[in-house]
Each structure stands twice: as structure tokens, then as C-alpha cells.
Amino acid sequence: MTDSGIAAGEHPASGAGGVQTVLSPLGRLAHTPVSEHVDVFEEVLAGLEAVLASVEDAGGRQPEAHGGRESGR
């Protein structure tokens, strides 16, 4: 289990609460040596990827570029 409380391979809840949970390790940065910051960033990235995957698995649509509208140009 990671410090964010999410087990490796587990998909956290999607939505704002899921994202907030995944971002919580960033709060440790102030008390973590700079040499260990990359580990924290990688943990957060993995969590964000898991949230995105859970949204995609649930049939959620990703926002399209340019505000979701095709420009007919």
C-alpha cells in the first residue's frame, strides 16, 4: 500500500474525491528530501493514471480538445 492509502494496482474512486486522495502525497513534499521528490511525483502520477483508467472503464468520456467542439475550419 502506498502512503496515499491506495494499494498497488487498486483503482481509486474517480471524481474530485478520488483525485484529491491521489494528490494527497504532494503534501509530504515539504518534509521530504528533494532527492525523494521524484518518488512522490511518480506515486501521484500512477494514482492519476488509475483514476483516469477507472473513469474510462466506467464509460466516461474524455473532454475533447478545443472545448469539445470541432472547428469546421
Side-chain angles (χ1 to χ4, degrees):
M1 184 169 301
T2 64
D3 288 337
S4 64
I6 300 168
E10 179 181 329
H11 292 276
S14 61
V19 171
Q20 288 299 329
T21 299
V22 169
L23 294 176
S24 66
L26 295 175
R28 296 192 324 254
L29 290 175
H31 307 290
T32 303
V34 173
S35 62
E36 296 176 21
H37 283 195
V38 171
D39 293 334
V40 174
F41 295 140
E42 288 176 345
E43 177 183 347
V44 170
L45 175 60
L48 289 171
E49 289 172 335
V51 168
L52 180 58
S54 69
V55 170
E56 290 173 348
D57 289 346
R61 290 183 46 193
Q62 291 181 333
E64 296 177 22
H66 307 293
R69 291 178 256 189
E70 290 292 323
S71 67
R73 298 181 192 177

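Note that these values count all heavy atoms, side chains included, but never hydrogens, waters or copies made by symmetry.
Taking every heavy atom of both residues into account, L48 and V22 meet most closely at N-CG1, 3.3 Å. Contact detail for V40 and R28: the closest heavy-atom pair is CG2-NH2, 3.4 Å.
Considering only residues two or more places apart in sequence or on other chains, L45 meets the side-chain contact (heavy atoms from CB on, under 4.5 Å) condition with E49.
Separating the NE2 atom in H37 from the CG atom in L29 is a distance of 4.5 Å, to the nearest 0.5 Å.
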